[in-house]
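These notes are about the structure you will find just below.
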Amino acid sequence: MTTEPVHAGGTVALEGEQLDRLITALSERKFEVLGPKLHDGAIVYDRLSSLNDLPSGWSDEQSPGKYRIKRGKGDALFGYVVGPHSWKKFLYPPVQRMWQAERNGKGLHILPNHDSAPSKFAFFGVRPCELSALAIQDKIFLGGPYVDPGYKARRENLFLVAVNCTQPGGNCFCASMNTGPKAVAGFDLALTELSQDGHRSFLVEIGTAAGAAMLSGIPHRPATDADKQLAERVLAHAARHMGRKLDTRDLKDLLYRNYEHPQWDKVAERCLSCANCTLVCPTCFCTTVEDSTDITGNHAERWRRWDSCFTVDFSYIHGGSVRATPRSRYRQWMVHKLAAWLDQFGVSGCVGCGRCITWCPVGIDITAEASAIRQSDQAKAPAEQGRESE
Amino acid sequence: MASAIEQPEIAAAAAAADPMLPALYSIQRVRQETDDTFTLELVPEDSHSSFGFRPGQFNMVYIFGVGEVPISISSDPGSLPMLKHTTREVGTVTRAMRQLKRGDVVGIRGPYGSCWPVAKAVERDVVIVAGGIGLAPLRPALYRLMAEREKFRKIVLLYGTRTPEDILYRQELEHWRGKFDLEIQVTVDRAASNWRGNVGVVTTLIPRAPFDPSNTFALVCGPEVMMRFTVMELEKRGVATERIYLSAERNMKCGIGFCGHCQLGAVFVCKDGPVFALNQIAAILGKSEI
Ligand SMILES: Cc1cc2nc3c(=O)[nH]c(=O)nc-3n(C[C@H](O)[C@H](O)[C@H](O)COP(=O)(O)OP(=O)(O)OC[C@H]3O[C@@H](n4cnc5c(N)ncnc54)[C@H](O)[C@@H]3O)c2cc1C
Ligand code: SF4
Ligand code: SF4
Ligand code: FES
């Protein structure tokens, strides 16, 4: 064991129990540590004070429209995947006051939010697909000419501890989306949980100088080739055992040329337009605003809250909603995720986390919808379609 | 310019601060244009918040406690710091806007979006096709064209409204027609028997309008169906797709690419538009519920 200085780009190993020190080190440096916790039958993201808060030994069972936690095979600390929460709720809260205004006579006064010191979050246990989702939200809120100052402040202070996925879930398809099961960038530290002969250790990849600094003082040892090979093996195994897959070849144009595909009618017969899928999705970013005045009529507030393209109001313009039917709203959502996003931000809007499949009350599966369209591509030349079915 | 469309640079200062905070503007004058349409003349409370804009751009206009809506700037880009917004009363926010009086204060965020390709149209004919309130976002382009009239060839305005009483900016249009070489043709959906002008939709004016299709820029703004048929007529006359521009409309909650509401296929109307070259959106124009 050493506490030798480590550097960004390096890899070390931690014995299982030492991981608690990382939480302590983060807390000592005034980070609010957030991570997976068992709550009301689901694994959610909440405040962590020690390793004991993690759902050690728990696993989750996910399939379209279904989520259930159960005891896992061993006592793995990270033997489950993603639950109903995503990290976006911390960086980009579901409800936020934007500003207030005071009226005095005819005049008007805008009062910006004076945030006390911006939150200093450490996300502990971020999955590779979620790191990709974060990078996508960065493009939206920081990548354009206009920047969301609240998001920016929280993002700049953020410390990220990623966890590679050794046991993918029933609705996971990060391997198809190229976002997992191993984190390649965007973390301060990335852990791979290794368990051999009842002995637990963590391979720790150091992504940044801040990550290296956080490790100094925590007893660790150099990672051996055996550690690295074991990690590679379990992650390769995970990549081969995804619960779902999505064929992304030509997917953008496939969807663009199938705006009138009958599958949209079929899915609309099932979709309840409940908006669950958009709320659980870690990349969905839409919001609406609400204005209100107090009883005196002289104090007004403007609030921003998460919104969903599944609501009828979302596309309302004078004369009626542009997307009045569930068919058009589901189409908007899926074509945006898997096609338009590429044109808008240069990446797919789907990271393959499977949340929208799990939390859809009627079990609509984005991968199955896309493949149904692929199987009867309406714009394909009939001859070609004939050949395929031969 | 490299992109398909003249994109105004975004003022660094505006982008740096909290872009969701409005600047305060007070109403200098309210002008009733027609039965349901009015123009607010606004000046900044603080001269530092004054900004220049390009024809076709819009502001998010906040009415105290009621809401914020996208409204095009309809004034002369050369008469800063004054801004004018011509608004048709259609719902909650625009109704509250209409109640405002001289001296009242509103919040303004902007200017946002892309602009009409006025500079590109130099040495060419310009045909402007407007339906109803759609003339408001085109008026700044007309100011620019009139200010440098000699740089352009024929300028034709084809304008359709519901009735003769709904014609916007009547005096100004007549003044321009008298003073500059501006061809104006107006048509209405219905009129009393004393109306001697055209009756019918604005697209019926296109086949005989005096412009040279091979050398024309077309600027179009109006209801979506009107724009769709206008485009068909313009193409029939041989105006090139890349020289037809339209201003699209979608629900907007932010104006700056954050809220997602304004998406139209792959584009965000607030930041990629509202003014588009037809070839940018041709594939989705006319598809329903996009
Ligand atoms: C880029 C752009 C420029 C515009 N320029 C003008 C203009 O110069 N003059 C003018 O009169 N109107 C203009 N409009 C339309 C104007 O924004 C709507 O008429 C206005 O939002 C209606 O708000 P309301 O609260 O009165 O109506 P309601 O029907 O009560 O609307 C409720 C909400 O729906 C949304 N909404 C309703 N209609 C529209 C619409 N047509 N477009 C976008 N959002 C809408 C708004 O968010 C509004 O707060 C423009 C719209 C866009 C997108
Ligand atoms: S679309 Fe579904 S699977 Fe893809 S990132 Fe969003 S919630 Fe996850
Ligand atoms: S796809 Fe499922 S989760 Fe999404 S809106 Fe429809 S019913 Fe709700
Ligand atoms: S208006 Fe909000 S993204 Fe365009």
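The figures that follow rest on heavy atoms only: side chains count, while hydrogens, waters and symmetry mates do not. So you know, we letter chains A, B, ... as the sequences are listed, proteins then strands, and number each from 1.
Of all heavy-atom pairs between A:Lys106 and B:Arg102, the closest is NZ-O, 2.6 Å. Looking at every heavy atom in both residues, A:Ile317 comes nearest to B:Asn251 through CG2-N, 3.4 Å. Taking each heavy atom of B:Gly265 and A:Tyr259 in turn, the nearest pair found is CA-OH, 4.1 Å. Nearest heavy atom pair, residue A:Ile110 against residue B:Leu21, reads CG2-CD2, 3.9 Å. Listed here is the closest heavy atom pair of B:Phe64 and A:Thr293: CE2-CG2, 4.0 Å.
Residue B:Tyr112 touches chain A through its side chain alone, counting heavy-atom pairs closer than 4.5 Å. When heavy atoms are compared at a cutoff of 4.5 Å, A:Tyr92 does not approach chain B at all. With a 4.5 Å cut-off on non-hydrogen atoms, B:Glu224 does not touch chain A at all. Heavy atoms of A:Glu102 lying under 4.5 Å from chain B belong exclusively to its backbone. The parts of B:Val90 that come within reach of chain A are both its backbone and its side chain, each placing non-hydrogen atoms under 4.5 angstrom from that chain. Residue contact with chain A, scored on non-hydrogen atoms closer than 4.5 Å, is absent for B:Thr94. Both the backbone and the side chain of B:Pro22 come within less than 4.5 Å of a heavy atom in chain A. When heavy atoms are compared at a cutoff of 4.5 Å, B:Ile27 does not approach chain A at all. For chain B, the nearby part of A:Asp313 is the backbone; its heavy atoms alone come within less than 4.5 Å. Using a 4.5 Å cut-off between heavy atoms, A:Ala324 contacts chain B through both its backbone and its side chain. Looking at B:Ile256, both its backbone and its side chain come within 4.5 Å of chain A, counting heavy atoms on both sides. Interface remark: A:Arg302 contributes side-chain atoms only to the contact with chain B (heavy atom separation under 4.5 Å).
For the set A:Ser328, A:Gly105, A:Ala340, the entry with the most heavy-atom pairs within less than 4.5 Å of chain B is A:Ser328. Interface check for chain A: of the options B:Cys254, B:Cys259, B:Gly103, B:Gly65, the most heavy-atom pairs under 4.5 Å are formed by B:Cys259. With chain B as partner, the option from A:Thr325, A:Val289, A:Ile140 having the largest number of non-hydrogen pairs under 4.5 angstrom is A:Thr325. Per-residue counts of heavy-atom pairs under 4.5 Å with chain A were compared for B:Gly107, B:Ala266, B:Gly91, B:Ser288; the largest is that of B:Ala266. Taking B:Lys287, B:Arg88, B:Glu68, B:Met252 one by one and counting their heavy-atom pairs under 4.5 Å with chain A, the maximum is reached by B:Glu68. Among A:Asp343, A:Val322, A:Thr288, the residue making the largest number of heavy-atom pairs under 4.5 Å with chain B is A:Val322.
The aromatic ring centres of A:Tyr151 and B:Phe258 sit 6.0 Å or more apart.
A 4.5 Å side-chain heavy-atom check between B:Ile290 and A:Arg331 finds at least one atom pair inside the cut-off. A:His318 is not listed as a side-chain neighbour of B:Glu249, based on a closest heavy-atom distance of 4.5 Å or more. The shortest distance between side-chain heavy atoms of B:Asp18 and A:Trp99 does not fall below 4.5 Å.
Distance NZ/B:Lys253 to OG1/A:Thr287: 10.0 Å, rounded to 0.5 Å. Distance OH/A:Tyr146 to CZ/B:Arg109: 9.5 Å, rounded to 0.5 Å.
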> Would A:Gln332 and B:Gln263 count as a side-chain contact (heavy atoms from CB on, under 4.5 Å) if you check the C-alpha gap in whole Å, the side-chain angles of each, and the deciding distance to 0.1 Å?
Replying inline: CA-CA 9 Å; A:Gln332 163 63 25; B:Gln263 290 175 81; 4.1 Å; yes
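In this structure, B:Asp35 places its CG atom where only 12 or fewer heavy-atom neighbours from other residues, nucleotides or ligands lie under 6.0 Å away. Counting non-hydrogen atoms of neighbouring residues, nucleotides and ligands closer than 6.0 angstrom, the NZ atom of A:Lys266 reaches no more than 12 such neighbours. By the neighbour-count criterion of 12 heavy atoms within 6.0 Å, atom NZ of A:Lys89 is densely surrounded, having more than that number from other residues, nucleotides or ligands.
By the 30° and 60° cut-offs, the orientation of the rings of A:His336 relative to B:Phe268 is perpendicular.
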